[in-house]
2 protein chains.
Amino acid sequence: MTRLQDCRALDAQDPLRALRDLFTLPEGVIYLDGNSLGPLPKAAPDRIARAVREEWGEGLIRSWNTAGWFELPQRLGDQIATLVGARPGEVVATDSTSINLFKVLSAALSIARADAPARRTVVSERSNFPTDLYIAEGLCRERGFTLQLLEGEQIRSALADDTAVLMLTHVNYRTGAMHDMRALTRTAHAAGALVIWDLAHSAGAVEVDLHAADADFAIGCGYKYLNGGPGAPAFVWVHPRHADRFWQPLSGWWGHATPFAFTPDYQPAPGIQRYLCGTQPMLSMIALECGLATLLAARPLGGMAALRRKSLALTDLFIQLVEERCEGYGLGLATPREHALRGSQVCLTREVGAYAIVQALVARGVIGDFRAGRPDILRFGFTPLYLRFEDVWHAVEHLREVLSEEEWQRPEFNRQHAVT
Amino acid sequence: MTRLQDCRALDAQDPLRALRDLFTLPEGVIYLDGNSLGPLPKAAPDRIARAVREEWGEGLIRSWNTAGWFELPQRLGDQIATLVGARPGEVVATDSTSINLFKVLSAALSIARADAPARRTVVSERSNFPTDLYIAEGLCRERGFTLQLLEGEQIRSALADDTAVLMLTHVNYRTGAMHDMRALTRTAHAAGALVIWDLAHSAGAVEVDLHAADADFAIGCGYKYLNGGPGAPAFVWVHPRHADRFWQPLSGWWGHATPFAFTPDYQPAPGIQRYLCGTQPMLSMIALECGLATLLAARPLGGMAALRRKSLALTDLFIQLVEERCEGYGLGLATPREHALRGSQVCLTREVGAYAIVQALVARGVIGDFRAGRPDILRFGFTPLYLRFEDVWHAVEHLREVLSEEEWQRPEFNRQHAVT
């Protein structure tokens, strides 16, 4: 049996332990929801206050140049590139994940239409994050493609000569299961299809190497593992072999080759810059830069490889402690045990009471989240930047108490309301 | 001749003079660029700091519910509605102006395709803000429509049986000329076309009554006259007769009827909510609410009608003072003198040196901006919320000195760089 002091010993040896100081975490909270909204970087309040008072308040319109606002999508894109195996100049931080998916799926369908007009199907996973499916549903309808939704294990064999695009989320938002990006991309290419990866639950959470996988397009989220703050701008990557082939249809002035020439006709900028559209929300962009700084601070300590090692150790420990200490309470495991198949979260299942159990944990300061479905899911995200092994021990101990004392049956934990 | 003391007398009688206290304006600056980036509301730094430290830092994921983040697009939309003659529940604050134009133009083209398939032309103005033209160019190409660009005075007579959509910016960004929204909408409807109005330079600047004009669609900007901060989210309005007819193609989860049901198929929400797409940048949204509060504070003092009266008095005074005090320096007037044809800015022309004159003025603390073209334009925005008649007097006096002493000829004022 693992004991609390074993967990403390792991913390004492943790080469990443100093990174926790980069965050402001509320007293008494064990935060297992960084996969939904990353916590506040300690540097963010002052940096944002400076952007508000000095850049906006004093600099006013001049700050577009003097504070470098106009270059932020590219500058942050270059920082994100280092986390996902992309090169400088290949990524921009901009808009929302949904809108960036619209851009890259539009481009992919245009390429398919030009190169392989007989291919009329977009393949995705039925349990993909719904907004990805909604965007694909709308675009397929508009462009005359068919959206085919499959279970994860059916995907490989379904790729065929009518597949134009395979569109997947790398780590599943509900289960934490991770696809083999390299193998699936190879299979899809062998079948003649393009591949789009949504990195919402993998950028900053697991090692991603877009070039090694030879992916075609990728998008991702700024406010989960990148710690960019609520609704932070998302990002988009396009392989250089595709970037200049087509306009994406959101052809706004920030994607123009010469945005300040104010010409009446659109001339797309070369490369990833054409995936920009309109003016970006600078305060939220600046918060995203603070979030990225917390990940870049891990670079001298081993970067994403070291973060991934600790992430797996944390999720392994959580699974082990739940099985040791919460046996007999009807919990199941929805997340794969095999490291190669797991992202940075652990999802438990329970026939009844999952929502109330999550609420009871939140009331105790252990913040995870609930996802309805069959089965319902208790979702716990593990961010190695600030979580300690000791936190995992306490989280499981709270879970055990909520279950053993039937605390979750209290009425106040059974009132449903929206949770993102 | 108007004297400084005459201007001071106007300020003393100004019923809106107290509103200036709602802003933080840098010492020594006369800010004539609120039409490009509104200045900092005094309440914003504390409100944003609270959002960062308390809502993000302490509340974490819980703030989506407890801090009302999820409802912000609708709440701010309802506030914007009061400024543009829309009703509660008809406007959402979201995304960028370019992206919102994409949504409404897509919807308008879908309606035209359904109701009047022979109509294949989108009419706009050649001097429209370029991003509007770029978005229209891309969409027309994708959907098989023709984009027809005309001079302002040609538009009425060009509307014909092949016109699907008339898409105009209400107040021209370069010249400050304002279209007659009601008359042009009536003419377009008589010709069988739908009308989209871009209110980027009119929302918060002039009186707008979308329902009285019977407009079909409108979009606008959050960071100009709405004072929402750099890159603040934009807004979108759709007449209720159209709102439920079609999906807009950016069918993301925030536009879903039940976003938290996480169903794999898209069911658009009723009304304007379906014009939302992905998660919005909350810090920038919260800054926008601070900006809107400065306009809503004018309501007990007469609201947009009172702001418009003062705006016209400010622009009249500027024109008059330039003509009285800067005669013989080669300045022309690009903005119409007639009140009904003028927004809230005054644009001067000069054969040579316009860029350098603007730079010399900025160095003196008089911030306007430059727009290249034939002729080049010196652009000055007048925001009645915080500008005094005395400021107008001093601005013109600085302009006179820059011209009479040929200060603009100095090399440091003749180095070009990007200005938004």
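First the proteins, then the strands, lettered A, B, ... as listed; each starts at 1. All values below come from the heavy atoms of this structure, side chains included, with hydrogens, waters and symmetry mates left out.
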Could you check which of [options] has the highest count of heavy-atom pairs closer than 4.5 Å to chain A?
options: B/Gln267, B/Arg62, B/Gln248, B/Arg126; answer: B/Arg62
options: B/Arg141, B/Glu58, B/Met285; answer: B/Arg141
options: B/Pro230, B/Ser284, B/Gly228, B/Ala261; answer: B/Pro230

Between [options], who has the most heavy-atom pairs with chain B when the cutoff is under 4.5 Å?
options: A/Leu101, A/Asp265, A/Leu149; result: A/Asp265
options: A/Ala232, A/Gly229, A/Ala372; result: A/Gly229
options: A/Ile286, A/Val362, A/Thr24, A/Leu60; result: A/Leu60
options: A/Leu133, A/Asn128, A/Ile99; result: A/Ile99
options: A/Ser124, A/Gly252, A/Ser96, A/Ser251; result: A/Ser251

Hey, does [Y] have a side-chain heavy atom less than 4.5 Å from the side chain of [X]?
X: A/Leu139; Y: B/Pro249; result: no
X: A/Val52; Y: B/Leu40; result: yes
X: B/Leu250; Y: A/Ser98; result: no
X: B/Arg371; Y: A/Phe260; result: no
X: B/Glu142; Y: A/Glu142; result: no
X: A/Met282; Y: B/Tyr223; result: no

Expected list for residues 42-49 of chain B: side-chain donor-acceptor pairs under 3.5 angstrom, two or more places apart:
from: B/Lys42; atom 1: NZ; to: B/Asp21; atom 2: O; distance (Å): 3.0
from: B/Arg47; atom 1: NH1; to: B/Glu55; atom 2: OE2; distance (Å): 3.2
from: B/Arg47; atom 1: NH2; to: B/Glu55; atom 2: OE2; distance (Å): 3.1

Quiz item: Between B/Asp95 and chain A, which part of the residue has a heavy atom less than 4.5 Å away: side chain, backbone, both or neither?
Solution: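 Just its side chain gets close to chain A.
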
Quiz item: What part of B/Asn227 lies closer than 4.5 angstrom to a heavy atom of chain A: side chain, backbone, both or neither?
Solution: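 Contact with chain A involves the backbone of B/Asn227 alone.
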
Should the ring pair [X] and [Y] be called parallel, tilted or perpendicular, given that the plane angle runs from 0 to 90° and is split at 30 and 60?
X: A/Phe102; Y: B/Phe102; result: perpendicular
X: B/His256; Y: A/Tyr134; result: parallel
X: A/Tyr173; Y: B/Phe262; result: tilted

Taking every non-hydrogen atom, the tightest pair across [X] and [Y]:
X: B/Leu283; Y: A/Ala287; answer: CD1-CB, 3.7 Å
X: A/Trp64; Y: B/Gly231; answer: CZ2-N, 4.2 Å
X: B/Pro130; Y: A/Thr263; answer: CB-O, 3.6 Å
X: B/Gly57; Y: A/Pro26; answer: O-CG, 3.4 Å

Quiz item: Do any N or O atoms from the side chain of A/Glu137 and from the backbone of B/Tyr266 form a donor-acceptor pair under 3.5 angstrom?
Solution: yes

Quiz item: Under the 3.5 angstrom rule, does the side chain of A/Trp56 hit a backbone N or O of B/Gly38 as a donor-acceptor pair?
Solution: yes

Practice problem: Given side chain to side chain contact (heavy atoms under 4.5 Å, CB included), test A/Ile367 with B/Ile61 step by step and report yes or no. | Solution: CA-CA 8 Å; A/Ile367 303 180; B/Ile61 191 68; 3.5 Å; yes

Self-check item: Candidates A/Thr131, A/Thr97, A/Asp132 - the one meeting side-chain contact (heavy atoms from CB on, under 4.5 Å) with B/Trp253
Solution: A/Thr131

Practice problem: Starting from the C-alpha separation in whole Å, work towards a yes-or-no answer on side chain to side chain contact (heavy atoms under 4.5 Å, CB included) for B/Ile135 and A/Cys277. | Solution: CA-CA 9 Å; B/Ile135 291 286; A/Cys277 180; 4.1 Å; yes

Practice problem: With a 4.5 angstrom heavy-atom cut-off, could you sort out which part of A/Arg174 is near chain B: side chain, backbone, both or neither? | Solution: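 Contact with chain B involves no heavy atom of A/Arg174 at all.
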
Self-check item: Contacting moiety of A/Phe23, where chain B heavy atoms sit under 4.5 Å
Solution: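 A/Phe23 has no heavy atom closer than 4.5 Å to chain B.
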
